[in-house]
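Remarks on the structure that follows.
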Amino acid sequence: MLDKLEAINQRYENVNEELMQPDVMSDLKRYKSLNKEYKELGKIVAEYRNYQQVLSNIENAREVIATEKDQDFREMAKAELDELMPEQERLEEVIKDLLLPKDPNDSKDVIMEIRAGAGGDEAAIFAGDLQRMYMRFAEKQGWKMELIDAMEGTAGGYKEIIVAVRGEDVYGKLKFESGVHRVQRVPATETQGRIHTSVASVVVIPEAEEFDVELNMSDIRKDYFCSSGPGGQSVNTTYSAVRLTHLPTGLVAQCQDQKSQLKNFDKALAVLRSRVYEMELAKKNEADGAVRKNMIGGGDRSDKIRTYNYPQGRVTDHRIGYTVYNLASVVEGNVDDFVEQLRLADSAERLQEGVTK
């Protein structure tokens with residue numbers, strides 16, 4: 001492991017030097033690629049240097065224990081060694097996790113799509129609750145969330161809402177949120193106090209950059225229309241809303257959030273590019289495509305990955321059997337526990353796959 005870490009450390013130094021070269025700085029695509037690699041390597045190198053320091057301190061403590069005649073010094077060294085040994089084990093586990101092959105999309109921004117499923121008005125309200133939950137989570141992470149398109153529900157919330165989330169390691173943290181989320185509670189519209197079950201689906205797509213996938217503009221049909229709000233009431237009288245159709249795949253993306261047709265076009269194009277990118281990824285990895293299909297499901301009550309039970313104040317992730325009883329905190333954006341537990345479960349699975357291969 002040490003040889004591998006030293007090689008990574010050397011690559012980290014080499015990339016740092018490359019980033020300083022004028023020809024690299026003038027090549028935006030190459031510069032962004034190297035800068036991404038530099039940041040990813042930096043996380044490993046930082047832990048490697050901490051690990052080196054701990055190993056050095058362990059060696060010094062053992063030397064003191066073996067050679068020092070003063071009993072007090074030996075006792076101090078033993079106490080230090082008792083603290084250092086668990087830290088060595090902790091760092092080794094951290095480094096093993098960092099050395100696992102990473103999803104190259106983990107560092108990407110995302111397009112998040114939330115849609116109401118079974119449950120009528122309550123499902124749309126729940127979709128709005130999920131959007132707010134992820135918005136709060138994004139704020140805590142220092143990310144930015146930008147509205148792309150939305151169709152509001154008649155009683156509140158959203159029948160569908162699409163947002164872009166941008167920041168550091170967004171896809172890596174949000175990718176396991178894809179799937180059907182189920183809520184159990186008494187809706188505000190329920191007069192007899194009965195608990196209803198409703199669902200909303202969440203899809204998290206890595207946002208593709210221009211050099212990830214090339215779109216031929218001649219393959220894209222552009223439709224322009226007036227933006228509209230709930231009930232079809234006209235929001236503006238200019239054809240600022242944009243709908244793009246990728247003719248070879250039939251994929252469609254639209255945006256009507258901005259007053260500017262050009263801004264709406266750029267946002268819709270970003271969504272379309274990401275959907276084409278995701279389709280190409282699925283073709284390259286059919287297994288991943290099947291997993292995503294199973295996770296998203298059809299928005300039916302029985303097809304779920306997580307349940308938010310209001311009467312019990314409980315949130316359960318069914319994929320890993322993880323339950324917390326702090327629903328009020330979770331819906332306020334504190335989903336860190338689920339993000340971390342799902343990440344650990346994924347790492348453990350990939351580590352086991354590596355052992356068995």
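Just the heavy atoms: all of them, side chains too, but no hydrogens, waters or symmetry mates, feed the values below.
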Starting from the C-alpha separation in whole Å, work towards a yes-or-no answer on side-chain contact (heavy atoms from CB on, under 4.5 Å) for K140 and N334. CA-CA 8 Å; K140 296 174 192 295; N334 296 309; 3.2 Å; yes
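- Across all their heavy atoms, Y308 and M133 have their closest contact at OH-CE, 3.6 Å.
- When only modelled atom types and interatomic distance are considered, N309 and T307 share no side-chain donor-acceptor pair under 3.5 Å.
- With respect to the salt-bridge test (charged N to carboxylate O, under 4.0 angstrom), the residues D169 and K43 qualify.
- For the pair S26 (side chain) and D23 (backbone), a donor-acceptor distance under 3.5 Å is present.
- For the atom pair OH of Y12 and CG of N16, the computed distance is 6.5 Å after rounding to the nearest 0.5 Å.
- Heavy-atom contacts from other residues, nucleotides or ligands closer than 6.0 Å to CE of M76 number 12 or fewer.
- The shortest side-chain heavy-atom distance between N105 and Y277 falls under the 4.5 Å cut-off.
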Using the side-chain contact (heavy atoms from CB on, under 4.5 Å) rule, take I220 and L269 through it: C-alpha gap first, then chi angles, then the decisive distance, then the call. CA-CA 10 Å; I220 298 174; L269 186 61; 4.0 Å; yes
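- A salt bridge links E340 with R343: at least one charged nitrogen is closer than 4.0 Å to a carboxylate oxygen.
- Between R275 and E113, at least one side-chain nitrogen of the basic residue sits less than 4.0 Å from a carboxylate oxygen of the acidic one, meeting the salt-bridge criterion.
- Residues Q341 and D337 bring no donor and acceptor atom of their side chains to less than 3.5 Å of each other.
- Both I58 and M1 sit in one connected hydrophobic cluster of ILVMFWY residues. Membership requires side-chain heavy atoms under 4.5 Å apart, directly or through other members.
- Contact annotation: the side chain of Y310 never approaches that of I195 to less than 4.5 Å [non-hydrogen atoms, C-beta and beyond].
- One finds a salt bridge joining E87 and R90 here, because a Lys/Arg side-chain nitrogen approaches an Asp/Glu carboxylate oxygen to under 4.0 Å.
- Once rounded to the nearest 0.5 Å, the distance linking CG of D266 with CD1 of I148 reads 11.5 Å.
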Can I305 and H181 be said to form a side-chain contact (heavy atoms from CB on, under 4.5 Å), step by step? CA-CA 6 Å; I305 64 165; H181 297 240; 3.8 Å; yes
Between Q184 and R314, does the side-chain contact (heavy atoms from CB on, under 4.5 Å) criterion hold? Intermediate values first, please. CA-CA 10 Å; Q184 295 173 324; R314 170 177 59 84; 4.2 Å; yes
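- A salt bridge links E37 with R11: the closest approach of a Lys/Arg side-chain nitrogen to an acidic carboxylate oxygen falls below 4.0 angstrom.
- Looking at every heavy atom in both residues, A123 comes nearest to V199 through CB-O, 3.5 Å.
- A heavy-atom distance below 4.5 Å is not found between the side chains of M151 and Y158.
- A 6.0 Å sphere centred on CD of E214 holds no more than 12 heavy atoms belonging to other residues, nucleotides or ligands.
- Rounded to the nearest 0.5 Å, atoms CG (L84) and CD (Q53) are 9.5 Å apart.
- When all heavy atoms are compared, the tightest approach of P187 to E122 is CB-OE1, 3.6 Å.
- Atoms SG and NZ, from C255 and K263 in turn, are 11.0 Å apart once rounded to the nearest 0.5 Å.
- To the nearest 0.5 angstrom, I65 atom CD1 is 9.0 Å from E75 atom CD.
- The side-chain heavy atoms of Q141 and F137, taken from C-beta on, include a pair separated by under 4.5 Å.
- Both L91 and M85 belong to a single network of hydrophobic side chains, linked directly or stepwise wherever heavy atoms of I, L, V, M, F, W or Y lie under 4.5 Å apart.
- Inspection of the Q21 and E17 side chains reveals no N or O donor paired with an N or O acceptor under 3.5 Å.
- Taking hydrophobic clusters as Ile, Leu, Val, Met, Phe, Trp and Tyr residues chained together by side-chain heavy-atom distances below 4.5 Å, M279 does not share a cluster with V252.
- Side-chain contact of Y48 with Q52: a donor-acceptor pair under 3.5 Å is present, judged by distance alone.
- Looking only at side-chain heavy atoms (C-beta outward), R30 and E18 come within less than 4.5 Å of each other.
- Judged purely by distance below 3.5 Å, without hydrogens or angles, the side chains of T245 and R243 never pair a donor atom with an acceptor atom.
- Counting heavy atoms from C-beta outward, V110 and P206 have side chains that stay 4.5 Å or more apart.
- A heavy-atom distance below 4.5 Å is not found between the side chains of V170 and K175.
- A pairwise comparison of heavy atoms in L147 and K267 identifies O-NZ, 2.6 Å as the closest pair.
- Atom OG1 of T316 sits about 10.0 Å away from atom CG of L327, to the nearest 0.5 Å.
- Using a 4.0 Å cut-off between charged side-chain N and carboxylate O, K4 and E6 make no salt bridge.
- The cluster map of Ile, Leu, Val, Met, Phe, Trp and Tyr, joined by side-chain heavy atoms under 4.5 Å apart, puts L244 and L262 in different clusters.
- Around the NZ atom of K222, the shell of radius 6.0 Å holds more than 12 heavy atoms that belong to other residues, nucleotides or ligands.
- Taking the charged nitrogens against the carboxylate oxygens, K173 and D106 have no contact shorter than 4.0 Å, which rules out a salt bridge.
- A donor-acceptor pair under 3.5 Å is absent between the side-chain atoms of S201 and the main chain of G179, judged by distance alone.
- Residues R74 and D72 are not paired through a salt bridge, judged by the lack of any N-O separation under 4.0 Å between the basic side chain and the carboxylate.
- The closest side-chain heavy-atom distance from I111 to I162 is below 4.5 Å.
- Using a 4.0 Å cut-off between charged nitrogen and carboxylate oxygen, K159 and E152 do not count as a salt-bridge pair.
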Step-by-step ring-ring contact (aromatic ring centres under 6.0 Å, His included) determination, Y224 to F265: CA-CA 9 Å; Y224 303 101; F265 177 86; 7.4 Å; no
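- Counted within 6.0 Å of CD on E168, heavy atoms from surrounding residues, nucleotides or ligands total 12 or fewer; the atom is thus considered open.
- In plain terms, the two heavy atoms of Q312 and Y325 that are nearest each other are O-CD2, 3.7 Å.
- L2 and I95 fall within the same hydrophobic cluster, defined by Ile, Leu, Val, Met, Phe, Trp and Tyr side-chain heavy atoms under 4.5 Å apart, directly or through other members.
- Of the possible polar contacts, one joining the D109 side chain to the G167 backbone as a donor-acceptor pair under 3.5 Å is found.
- Residues L19 and N35 come closest through the heavy atom pair CD2-N, 3.8 Å.
- In summary, of the residues considered (K108, R166, M112), a side chain to side chain contact (heavy atoms under 4.5 Å, CB included) with E207 occurs for R166 alone.
- A ring-centre distance under 6.0 Å is not found for F176 and F338.
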